Structures are given as C-alpha cells and as structure tokens.
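Quantities reported herein were computed from a predicted structural model and do not represent experimental measurements. These numbers come from the heavy atoms of this one structure, side chains and all, not from hydrogens, waters or symmetry mates. Residue numbering restarts at 1 for every chain, and letters A, B, ... go by the order of the sequence lines.
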Protein chains: 2
Amino acid sequence: MIDRKSPVPMYYQIEQYIEQLIESRNLKSGDQIPSEREFTDQFHVSRMTVRQAVMNLVHSGVLVRIKGKGTFVSNQNKIEKSLLGLNGFSEDMISRGMKPGSFMMSFARIRAAAKVADRLALDEHDDVFEIKRTRFADDEPMAIETSYIPAKMVPDLTEDQVSPSLYQYIERQCGLPFDHAVQSIEASVVTAEEAKILAIPKGSPILLIERCSYLKNGRPIELTKSLFRADRYKFMVKLPRG
Amino acid sequence: MIDRKSPVPMYYQIEQYIEQLIESRNLKSGDQIPSEREFTDQFHVSRMTVRQAVMNLVHSGVLVRIKGKGTFVSNQNKIEKSLLGLNGFSEDMISRGMKPGSFMMSFARIRAAAKVADRLALDEHDDVFEIKRTRFADDEPMAIETSYIPAKMVPDLTEDQVSPSLYQYIERQCGLPFDHAVQSIEASVVTAEEAKILAIPKGSPILLIERCSYLKNGRPIELTKSLFRADRYKFMVKLPRG
DNA sequence: AAGTGGTCTAGACCACTTT
DNA sequence: AAGTGGTCTAGACCACTTC
C-alpha cells in the first residue's frame, strides 16, 4: 500500500490513503480513524511520519484530533467546505444540489491582453489559452465564463482536457498544486448580448465575479471572469476567525 | 530565553519568540529568519522541535519557507489578511484606504421577525436590537446596513456602544469571542427610497450582502443585511486551499 | 491499566540553492 | 562545498480518556 521506492514522500502516500478511505465511504463523518501506532505497524514507518500525514489532514480540515480519545473524520459537511474553499463551477453546482452543464463557445491560444497579462504576471508577448463557456444548472443557463491560462504553464492543454475538470487536469496531470484564489464580486447589469445568452431580460442585474487562482509556489495559474444571473445565483462564503 | 521547566511546550515558546521578533520590528516582511540549525544551537532543542514551531507559523501565514534558501517573514499585507477574515465596515474601509463614517438612522429593541429569529436561532418571542445605519466612505454614502443582535446575549447594549465598534464591544466587553461568519452576496437593483439615501439613480445595481456571525460556542450573535453601491464597492475575498 | 494524542530527542540522508 | 529546508527513524516520557 506504501511504495518506499517512490519519489512521493511516504507521509503524502499515507495522506492519500486516508483521504481515499473517506472518499470510498469506508470512513464516514465522525468515524474514528486508526491510531498513530496502528498506522505505524501497518505501514512500517515511524510514528513521526504518520503524524505528519495526519497533521496535514487536520490542518486542511479533513480530520479532528481529541487528546486521549483519538482522531476522527471531520463532520464539516460539503456545503461548509465549498463555502470556504476554492471550487470550479461544477463542484459549486453539485454542492447546491443542481446538475452542472457546459457549452464551449470558444477555445483558443492567443496573445495575452495587457490586463490579463498583468493579472497573470506574464510578459505582454506571452500566450494564454482563452476558454469561453456558457454554464448551465439543471439545463438552464446560469453563467458566462471566460478563463485565461498561461500557455507556458500548461503547454499541452486541449479542448478535451478542459471539459471534465480543468482544475483536476492542472493539479493531477500537470502536478501544479493550487494554493488559494483571490476573488472579487461586483454587481452590474447585463448587456443585450449577454441577456440573450443567459435568457434573461435586458438590463437585469448580474453578479460579476473575477477570480485569480495561485499555485503553492505563488504563481498565478488562472484568471476567470464570470457573469452570473442574479435571479438564480447567490454567492456564499464562509469567513474564518475574527 | 526558553524555560525548560515551564508547562508551556518548548515549540510554543519558540513560536512566541519568533513572533515577538517580528512584532518588535527586529524582523521585517521579507527578512530571513535564523535557520533551523541555528535555533537548535541557540535553544539547545532538537531540530524537530524547532520545525514544529516554524511550521505552525507557516500554517498561520506568518512565515514562508523556500527549499534550499531559508525561511522568511511573510509579506502578506493587511489587505490580504482583511480579505480572508471577518471585519466590520470601518475596518473594511480603512483597509481600502478610505475614511469610514456612519449615521444611525434608528436603534431599537424589538421582537424578532420570523426570518430574523430563524437565522439567529431564537424563539419567536425573543427580542433583538435592530440597528439601522447609513455608512459613508470619504463622506459619501456607500451602504445601508441593518443589524440584528439577540438581546439576551448582550442585554445592556446601548446606542453609544455601537458607534466605535460593535464587534469590539461584543468581544472585549461581553467576552463573547467570534469564530466565523457565513456571508451571502447577491446582485439587485435599488428601490426609489434606497436610491435617495445612497444618492444614486433609481434602478442602479447594488450588492446585497447578508452576514450571519457565529461565536466560538457555535451560537449566532449577529445578522447584518447590507446594501452596497455597485458603482463604488467591490466585495473581495481570499479563498484558501484547493 | 491500557490506549490515545502531545511533546521531544539525536541523529540520518536527500534535493535544492548559493558561493 | 556549504547551507538550507524536506523527509525519516526508533525510540522516550507526559497528560488525558476510557475501562
């Protein structure tokens, strides 16, 4: 279950093993996970290595530790998580109990416009992939989304990889781990063209959301501008601490 | 500098030592802190103990580590912090470089309406303080804010305590520590009356923000509905992790 | 008493960056 | 080559919870 020859650190393999136990429903919210000593025996690693795996999952909110009792799967539910975290359109709609859909309006590799290059920290002559999509929820148009990805970061991006999950492609296929996103939310009114695509009256209010996502190494990896129908969409966020 | 007999863990003492170096300006943003081995020699503790202190500060965003180079004081500025956290109107405006102002339109102790009682987890016959304010930024109207506070949680609330900082009064005077808030952001258009107060044209887009704040014990303590001018206000948020 | 997480040691080898 | 953080070991004693 653990590959000691792998370049992937053992603590990270243990992390993935525990997460997979949770995803596969072998462990549910509130369940106790095996103790540190049990993992030590199971994987033949030292206790500190197990602790590193467990503590990482505690920091990311997956597990909760109680002194003298044990370590448990957090009962922080999916909606709470999605409020706090960085999610794509599809995950967002699923957590709201709706069926996500998508129509690709255009996919192109182009020279970055000045504003886009600025946000993505690119030189002006650098290329970006521009992805324009209409997004659906329960088969009704919900949003118009335009994403920009630096071409030098994911040179082999194709239309097919975008469709299932762009985020998963970047994280798992390209090995570029996301860290956080900075998002701005404005209110505006639709233009005639946008109104047509979203099937709403001209002059209707919309939420204009701009998101810039950053990798763990600090580099911006994605800039997405979205126009959401205000009559159907409410942006929810959980703000931690005081 | 480190008290080995203290019940306070050594790694925590080291954490405080490093934080104090930063607060006292001996270390500024971007400065490199002593290496793990240097701390090991200075405090006569093992490297793992130093690591625990340093990693905690990395997780809380105080320090940044770069492999092969060293550990540095994070230059995460105040604006980034305010994006992540729970702030009142005044703090928000100050972090945007504007002068906050406030005009109290009404302050009353009333029976909670059904919707308000529901959000604040009150019985229907419970009282709330209702506080209606017009909020200004650089002397221009920016938002209309209506707050509801359960009367039984802060029975002695007066108009005067609201003005400097309602949050500080609840946390420091009443000893009720905030934990988090759940916020929803919608787009809408102003009514004639609201347009007048905000000094904007009738039918202008606005951001409708509703926030419910919770204490560390899980109880809701505040429900606030705000109407922000969309032409002047953009809601910013930092979403951590993936 | 047995089991759990909390803290701590004194080493080790690795990959990476800088000189 | 020297220094840094990244990973890992094989133990130890403690405080806490449960039985």
Undergrad: Could you tell me whether the phosphate oxygens of dG5(C), OP1 or OP2, come under 4.0 Å of any side-chain nitrogen or oxygen in Thr71(A)?
TA: yes
Undergrad: Under 4.0 angstrom, heavy atoms only, what part of the nucleic acid is Glu38(A) near: base, sugar-phosphate, or nothing?
TA: sugar-phosphate
Undergrad: Partner of dC16(C) by Watson-Crick or G-U wobble geometry, both contacts under 3.5 Å, or none?
TA: dG3(D)
Undergrad: Which letters describe nucleotides 9-19 of chain D, given B = protein heavy atom under 4.0 Å from base, S = only from sugar-phosphate, - = neither?
TA: BB-B---BSS-
Undergrad: Taking atom types as modelled and ignoring hydrogens, do the side chains of Gln161(B) and Thr158(B) form a donor-acceptor contact shorter than 3.5 angstrom?
TA: yes
Undergrad: How close or far is atom C1' of dT17(C) from atom CZ of Phe72(B), stated in whole angstroms?
TA: 10 Å
Undergrad: Check each of Arg133(A), Lys132(A), Glu159(A) against Ser106(A) using the side chain to side chain contact (heavy atoms under 4.5 Å, CB included) test, and report the only one that passes.
TA: Lys132(A)
Undergrad: Answer yes or no: is there a side-chain heavy-atom contact under 4.5 Å between Thr146(A) and Ile131(A)?
TA: no
Undergrad: From dG6(C), dT7(C), dG5(D), pick the nucleotide closest to the side chain of Arg65(A)?
TA: dG6(C)
Undergrad: Calculate the interatomic distance between His59(B) atom NE2 and dG6(D) atom P; express it in whole Å.
TA: 11 Å
Undergrad: Rounded off to whole Å, could you give me the CD-to-C1' distance for the Gln32(B) and dG3(D) pair?
TA: 10 Å
Undergrad: Report the residue from Glu130(A), Glu222(A), Lys115(A) that forms a side-chain hydrogen bond (donor to acceptor under 3.5 Å, both in side chains) with Tyr148(A).
TA: Glu130(A)
Undergrad: Calculate the interatomic distance between Met55(A) atom CE and dC8(C) atom P; express it in whole Å.
TA: 13 Å
Undergrad: Would you say the ring centroid of Tyr17(A) lies under 6.0 angstrom from that of Phe43(A)?
TA: yes
Undergrad: Rounded to the nearest angstrom, tell me the gap between atom CG in Asn56(B) and atom P in dT7(C).
TA: 9 Å
Undergrad: Tell me if the CZ atom of Arg172(B) is crowded by more than 12 foreign heavy atoms within 6.0 Å.
TA: no
Undergrad: Whole angstrom is fine here: how far is it from CD in Gln52(B) over to P in dG5(C)?
TA: 15 Å
Undergrad: Side chains of Thr71(B) and Leu57(B), heavy atoms from C-beta outward: is any pair under 4.5 Å?
TA: no
Undergrad: Just how far, in rounded Å, is P of dC16(C) from CD of Glu36(B)?
TA: 17 Å
Undergrad: With both distances under 3.5 angstrom, what nucleotide forms a Watson-Crick or G-U wobble pair with dG11(C)?
TA: dC8(D)
